[in-house]
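Reading through the structure tokens given below for one structure.
All residue numbers in this chain count up from 1 along the given sequence.
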Amino acid sequence: MSQARKTVIIGGVAAGASCAARLRRLDNKRKIIILERGEYISYANCGLPYHIGDVIQNRGALLLMTPEMMWSRFRIEVRTKNEVININREKKTVLVKDLNKNETYEESYDDLVIATGSSPLRPAIPGIDSDKIHTVWTVPDTDEIKHLMQKEGVNHIAVIGGGFIGLEMADNLIHAGKEVTLIEALNQVMAPLDYEMAQILHQNIKSHGVNLILNDGVNSFIEEDNKIKIELKSGKKVNVDLVILAIGVRPNSKLAKEAGLKLNERGGIIVDDHMRTEDPSIYAVGDVIEVEDFVFKGRAMVPLAGPANKQGRILADVLVGRNSTYKGTQGSSIAKVFDLTVASTGVNEKTLIKNNMKKGVDYESLIIRQNSHAGYYPGATPMFIKLIFSLKNEKILGAQIVGIDGVDKRIDTIGVAMRLGAKARNLKDLELAYAPPYSSAKDPVNMAGFVAENILTGLVKQAPYDVVNKDPNAFLLDVREPKEVLMYAIPKAKNIPLGELRDRLSELNKEDRIIVFCAIGVRAYTAARILMQNGFKNVEIYPGGVAFYKINF
């Protein structure tokens, strides 16, 4: 009788726990051991900011699986506070330090899975080791921050970094009644968004009382008088009671590096589409690995929980001989930022420009403003959708959406269309569920497809969002009604209401570059078609209408 295979998994959170559970469902005889250096496994680290803000009040709700449950349900042995400190590839063993007993021991394996995840960055900034500076990554991190927040005098908290965790922390700290300063070294928050879409967030963040500081990095931290003084690159100083660092993560690949496994320049473990390293007995999954970028098929680091869990599942299949492969990461993500939802999938325009792709030659983008559901049904809220697509094959390259309601289902719809190879104009053909409380007869996703088709067929052209700055000689035409203009007038724009345009064409110069504005873009499109069919050859509509213009200017 052959001995059952033995799989040792280093790390028991997202990818590691997912792999272990799936592996047991597929192979009832295999010996499975999870070695986790921390105190907890399979916890909801994406929910930690919400526990800090008391949105999730029950701490236990974050603990999705315990070692005891893993054993009783799956007969998987979980050893918490057991840190792997060395991998011996020749002997096929790992050296483990039992942190409870302060003892080391060897554990053999047939298959080894590295699921060590990532850790928050703590750059070498003077003063960063202060006990008033914390990261949010584990359950103990959360416990410590909640404890400190309850202390008398801890009222003003600085969040360093405007990514997902930083924004969620700012949201939850305001919810907890704290004064918040958010500091971001870049000129925008939420790096997956393009600048003009991030501007919607900037406006919203400030409106909720956050002191938002952009384009200014931290120079040093100085502890004095029971406070932390943050000195910024600009020379500005901010005094706070507590600091939350949220400036990014790095892969926990030290073990792999010391074992001689290949890493990329950012420290990500290089694996194939079966999650196998160069060592046929060692696999890796989750934040610690390099993945294939779904859009360009290059290599990337994308630390997201969804892909990590899927990689764990795929690896379990591979370990029992199934031919499962990982088909790349497109970076679909979503976050709640106060009353807004921000989501993206695929690549942004910044990435395309960095890759020397030219707008209007290699790709095109569009921005539309649509309601979450039928406008005549109560509670409709606006959303802005940016769609980016190739001009060579019309494939969808990426999308970004910012709004209040219905953002999640729209980004998921576009993400699925991308994954299945749809062209941008194919979005108009999607038959999406409609009733007034949920959508419109022409869903926002359909509308993005309609506009994409109009651009591709030359019926319309959208101007860059910053056209007013880039081309001061462009003629600005506002086709809203006079009462709308009284409420908000675009500087230097000529107002000709849409209903009067046909009769007043003589007031316009056919040689000018004409940028047409309306409230959200629909009337501007009609006006552009009137102009183009009357001999005006250089006509563009302003994306997202006056609503979007006001956000960016």
Side-chain angles (χ1 to χ4, degrees), residues 3-21 23-24 27 30-43 65-68 70-71 74-120 122 137-140 249-264 266-271 274-290 308 311-312 315-316 318-319:
Q3 190 173 1
R5 288 190 71 82
K6 180 179 178 182
T7 298
V8 172
I9 300 172
I10 309 174
V13 187
S18 176
C19 177
L23 186 55
R24 172 58 75 226
D27 185 344
R30 183 180 297 249
K31 184 174 180 60
I32 304 171
I33 299 172
I34 294 176
L35 300 171
E36 168 58 52
R37 69 178 179 180
E39 190 176 347
Y40 303 93
I41 64 163
S42 194
Y43 57 86
M65 185 68 68
T66 64
E68 294 75 20
M70 272 289 196
W71 178 255
F74 300 105
R75 289 299 186 266
I76 292 170
E77 184 181 351
V78 178
R79 302 176 194 165
T80 56
K81 302 195 79 171
N82 274 242
E83 181 179 8
V84 176
I85 55 178
N86 179 261
I87 300 170
N88 189 320
R89 290 167 58 185
E90 289 185 8
K91 293 173 60 180
K92 296 182 74 171
T93 61
V94 292
L95 183 64
V96 188
K97 183 174 183 179
D98 186 331
L99 301 177
N100 294 298
K101 300 177 180 178
N102 199 28
E103 297 174 353
T104 59
Y105 63 92
E106 275 192 339
E107 190 69 54
S108 64
Y109 64 84
D110 295 309
D111 305 301
L112 182 67
V113 177
I114 301 174
T116 45
S118 57
S119 295
R122 290 184 74 99
W137 204 245
T138 65
V139 175
V249 297
R250 58 171 175 75
N252 293 328
S253 55
K254 182 171 179 285
L255 270 176
K257 181 179 181 180
E258 291 175 348
L261 298 174
K262 287 184 181 178
L263 310 180
N264 67 14
R266 294 178 60 187
I269 301 173
I270 296 174
V271 297
H274 294 290
M275 321 315 300
R276 184 182 288 111
T277 69
E278 61 185 314
D279 186 317
S281 297
I282 301 179
Y283 304 78
V285 285
D287 289 4
V288 75
I289 69 167
E290 174 191 82
Q311 291 156 15
L315 175 52
V318 170
L319 289 171

Margin query: For a side-chain contact (heavy atoms from CB on, under 4.5 Å) check, start with the C-alpha distance between Leu319 and Tyr283, then their side-chain angles and the critical distance, and finish with the verdict.
Written below: CA-CA 9 Å; Leu319 289 171; Tyr283 304 78; 3.6 Å; yes
Margin query: Between Arg5 and Asp111, does the side-chain contact (heavy atoms from CB on, under 4.5 Å) criterion hold? Intermediate values first, please.
Written below: CA-CA 8 Å; Arg5 288 190 71 82; Asp111 305 301; 2.9 Å; yes
Next item on the list: Carefully, step by step, assess Ile33 and Thr7 under the rule side-chain contact (heavy atoms from CB on, under 4.5 Å).
Entry: CA-CA 6 Å; Ile33 299 172; Thr7 298; over 6 Å; no
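Residues satisfying the side chain to side chain contact (heavy atoms under 4.5 Å, CB included) criterion with Ser253, sequence neighbours excluded, are Pro251, Leu263, Ile269, Val288. The side chain to side chain contact (heavy atoms under 4.5 Å, CB included) check on Asn88 picks up Asn86, Glu90, Lys91, Thr93, with sequence neighbours excluded. With sequence neighbours excluded, the residues satisfying side chain to side chain contact (heavy atoms under 4.5 Å, CB included) with Lys92 are Tyr109, Ser281. With sequence neighbours left out, Glu83 forms a side chain to side chain contact (heavy atoms under 4.5 Å, CB included) with Arg37, Ile85, Leu99.
Here Lys31 pairs with Glu77 in a salt bridge; the nearest charged N to carboxylate O distance falls below 4.0 Å. A salt bridge links Glu107 and Arg79; the closest N-O separation between the charged side-chain nitrogens and carboxylate oxygens is under 4.0 Å. A salt bridge is absent between Asp98 and Lys81: the closest approach of a Lys/Arg side-chain nitrogen to an acidic carboxylate oxygen does not fall below 4.0 angstrom.
Between the NZ atom of Lys257 and the CG atom of Asn252 there is a distance of 13.5 Å, given to the nearest 0.5 Å. One distance of note links CD1 of Ile114 with CG of Leu261; it measures 5.5 Å at 0.5 Å rounding.
Among all heavy-atom pairs drawn from Ala21 and Ile76, the shortest one is N-CD1, 4.0 Å. When all heavy atoms of Ile41 and Pro67 are compared, the pair lying nearest together is CD1-N, 4.0 Å. The two residues Ile9 and Cys19 come nearest to each other via the heavy atoms CD1-SG, 4.3 Å. Scanning both residues, Thr80 and Glu39, for their nearest heavy atoms gives CG2-O, 3.7 Å.
Between Ile32 and Phe74 the shortest side-chain heavy-atom distance does not fall below 4.5 Å. Within the 4.5 Å cutoff, side-chain heavy atoms of Met275 are placed close to those of Ile289. Looking at Tyr40 and Thr66, their side chains never come closer than 4.5 Å, going by heavy atoms from C-beta outward. Leu255 is listed as a side-chain neighbour of Val84, based on a closest heavy-atom distance under 4.5 Å. By the 4.5 Å heavy-atom criterion applied to side chains, Asn102 and Lys97 are counted as neighbours. Thr104 has its side chain out of reach of Val96: every pair of non-hydrogen atoms, C-beta onward, lies at least 4.5 Å apart. Within the 4.5 Å cutoff, side-chain heavy atoms of Val318 are placed close to those of Arg276. Two residues are said to be in side-chain contact when any heavy atoms from C-beta on lie closer than 4.5 Å; Val8 and Leu35 meet this criterion.
In this structure, a donor-acceptor pair under 3.5 Å is absent between the side chains of Arg250 and Ser119.
For residues 277-288, the salt bridge (Lys or Arg N to Asp or Glu O under 4.0 Å) pairs, not counting sequence neighbours, are Arg89-Asp279.
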When the side chains of residues 10-18 are checked against the rest of the protein, which donor-acceptor pairs come out under 3.5 Å, sequence neighbours left out?
{"residue": "Ser18", "atom": "OG", "partner": "Asn309", "partner atom": "O", "Å": "3.0"}

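Trp137 places a side-chain N or O within 3.5 Å of a backbone atom of Ser118 that can act as its donor or acceptor partner. Distance alone, capped at 3.5 Å, is enough to place a donor-acceptor pair between the Thr277 side chain and the Ile282 backbone. For Lys6 (side chain) and Ser108 (main-chain N/O), a donor-acceptor pair under 3.5 Å exists by modelled atom type.
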